[in-house]
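Shown next, in structure tokens, is the structure this report addresses.
As a basis for the values below, the full set of heavy atoms in this structure was taken, side chains included, without hydrogen atoms, waters or symmetry mates.
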Protein chains: 2
Amino acid sequence: MRKTHSGGNAVDWDRIRIFYTVAESGSFTKAGDVLGLSQSAVSRQIGALERELRAPLFHRHTRGLILTEQGELLWRAAREMTQRLERTRSQLSETREHPSGELKVTATRGLGGHWLTPRLAEFLDLYPDIKVDLILTDEELDLSMREADIAIRLRQPQQPDLIQRKLFTVHYHVYASPAYVKRFGEPKSYEDLDNHRLISFGGTSPSYLTAVHWLGTIGRDQRNPRPLHLVVNNITAMKRAVDSGAGIAVLPDYLIETGSPLVQLMRESEMPQLESYLVYPEEMKSVARVQVFRDFLIQKAQRWTY
Amino acid sequence: MRKTHSGGNAVDWDRIRIFYTVAESGSFTKAGDVLGLSQSAVSRQIGALERELRAPLFHRHTRGLILTEQGELLWRAAREMTQRLERTRSQLSETREHPSGELKVTATRGLGGHWLTPRLAEFLDLYPDIKVDLILTDEELDLSMREADIAIRLRQPQQPDLIQRKLFTVHYHVYASPAYVKRFGEPKSYEDLDNHRLISFGGTSPSYLTAVHWLGTIGRDQRNPRPLHLVVNNITAMKRAVDSGAGIAVLPDYLIETGSPLVQLMRESEMPQLESYLVYPEEMKSVARVQVFRDFLIQKAQRWTY
DNA sequence: CCCCCATCATGCGCAAAACGCATAGCGGGG
DNA sequence: CCCCGCTATGCGTTTTGCGCATGATGGGGG
């Protein structure tokens, strides 16, 4: 059957559950009704338990049962075990229905700082029992190694044990401040770019290479890029530089607030796009806080995309 | 099978025991070895438990298992349940091997006060974790109603659910103080008794009727007993009266210390005897403190009898 | 005072749960 | 790149555990 045969030192825990029901109801018959068992089955289970423990548990009196001293000891233990298990079961269903716990989120500094952060407040309001640990870095943390629970990425992951959900498309355009345009004019062709003050991203994120380095390489030999006047490894600082008229730069749309005074240049040129993805390990897909975070962000992404 | 079919809301507790073993050993195979089960059996038990709880418990990784969030919750509960049960199991065997707890003893005032009490100190020394609640009364408490755990009686109980063990024989003799004998002489016949100062017991204990009322009835019409000079309902006080020369009385041997100056009278007469019994309910026979108390008293009784 | 009913213990036959064996699939480390 | 160890699963078999029915027992009501 299903029980260690080594020494016979182990008891069948399920018999303790049955014992507890009997102790509570005070009768084999009633306990059988509660458990969906016949009276005889209960009788034999208790008998077996008494044999396993080598201790009588009940005084069989015609008018109901009376716990022996040993039975009373076991009854207290069984009651506490029942309570402990019950607590855990409600925790389990709470975990299923009421998201809670800590969620370790990672995103690139740009996307994370400008798109995600403003939306996090609402999420935390929605789920007050979720604690978010936000890691903004352009390095790709290893989700398989539990460096983070969920990531916002600008490229598709290759590992097959990672689930990916598309969030939105990041559009890139060339911008300059009105003051800059007044002073230097607009570039009309790729060749014009050679005479402009170019600002570019200096980060290592591979996804940025195609988009943010566009200014240095477009219409040029890739191995001989244009000289850049300013390289910044922080995209926020980069935008500030553009704002202040330091030059022109390719910026993602999530950085451009509506009503921004920045002037969009070279509108005819075909610009790179990047897809943003929500990525999390297969094994996290059943965790409620991951589910609600995912659903929340996808909804926000759809509303935000225009 | 052995599990409530009502709603399927209950889990088989024994599966939790198996789950705990798996969580501790980190492998179905190893857990199977520990439990004396095959790997496949363990796998299916865990699978069934996950279905019962509607929650995945392990991430199956090729390099061992990793507890899910829910698995971790259950693991903590299972650990505490295991500890609780283990504690109880050792309590059970302690109860079996190391007697403890409260023992409610009842005895007649005479036997209890003079024979039992002096021996109790040694018993309490021998078993320091046993607390004795001694009830000295000549009324027979109802052992079935738990008015006491064990009794010393001077007659056999009639209830079949009571266990009786013979302790020793109580001999009764007629005594007087040397001073009394000097003044009144010894009675040589039953008729002589009519001219003596007779002291008798006034208690209601039925066992005493035959023995202690001997002086009033012996060699006489039972319905017309001798007049008594002193009736006392406390046998200790009765002996003190004899000691001080107030009269002659039938006294049990346990009251007569060796070397007592009292003079035994009418040595030729056949005197009543009473058997003393240790009585306890059938349901207490497996309780360790009852067992050791019983064995202790029987041993003392054998050594004391002479 | 006696009968009756509720309770627990147990024998018997049966159904199903659970087990072991063997195989397949899978993934990581040497 | 292969190999080893781990888990999942199908299959045939064992055995456990169950229900039913009966027997024994003891307390309470008429």
Provide, to the nearest angstrom, the distance between the [atom1] atom belonging to [X] and the [atom2] atom belonging to [N].
| X | N | atom1 | atom2 | answer |
| --- | --- | --- | --- | --- |
| A/H59 | D/dG26 | NE2 | C1' | 17 Å |
| A/I46 | C/dT7 | CD1 | P | 16 Å |
| B/E282 | D/dG26 | CD | P | 11 Å |
| B/D12 | D/dT16 | CG | P | 16 Å |
| B/L37 | D/dA8 | CG | P | 15 Å |
| B/F58 | D/dA8 | CZ | P | 10 Å |
| A/I18 | D/dT16 | CD1 | P | 16 Å |
| B/D14 | C/dA18 | CG | C1' | 12 Å |

When you check the gap from the basic side-chain N to the acidic O, do [X] and [Y] get nearer than 4.0 Å?
| X | Y | value |
| --- | --- | --- |
| A/K104 | A/D133 | no |
| B/R17 | B/D14 | yes |
| B/K285 | B/E282 | yes |

For residues B/R294 and B/L278, report the shortest heavy-atom separation together with the two atoms involved.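 The pair with the smallest heavy-atom distance is CA-CD2, 3.6 Å.
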
Check the angle between the aromatic planes of B/F58 and B/F19 and answer parallel, tilted or perpendicular using the 30° and 60° thresholds.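 Tilted: the ring planes of B/F58 and B/F19 meet at 30° to 60°.
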
Pick one: which of A/R15, A/R44, A/R60 meets salt bridge (Lys or Arg N to Asp or Glu O under 4.0 Å) with A/E50?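 The option that passes is A/R60.
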
Need the bend value for the helix from C/dC1-D/dG30 to C/dG30-D/dC1: angle between end axes, 5 pairs each end, nearest 10°.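 Answer rounded to 10°: the end axes differ by 30°.
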
Which letters describe nucleotides 8-15 of chain C, given B = protein heavy atom under 4.0 Å from base, S = only from sugar-phosphate, - = neither? BBBBB---

State which residue, out of B/Q164, B/R165, B/Q156, B/K166, fulfils the side-chain hydrogen bond (donor to acceptor under 3.5 Å, both in side chains) condition with B/Y277.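 Testing B/Y277 for a side-chain hydrogen bond (donor to acceptor under 3.5 Å, both in side chains) against B/Q164, B/R165, B/Q156, B/K166 leaves exactly one candidate, B/Q156.
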
A/R15 side-chain N/O to D/dG17 phosphate OP1/OP2 under 4.0 Å: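 For D/dG17, OP1/OP2 do have a side-chain N/O of A/R15 under 4.0 Å.
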
Quick one, A/V292 with A/I130, criterion side-chain contact (heavy atoms from CB on, under 4.5 Å). Give me CA distance, side-chain angles, the key distance, then yes/no. CA-CA 10 Å; A/V292 296; A/I130 298 185; 3.9 Å; yes

So, A/T88 versus A/R84: side-chain donor-acceptor pair below 3.5 Å or not?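 A/R84 and A/T88 do have a side-chain donor-acceptor pair below 3.5 Å.
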
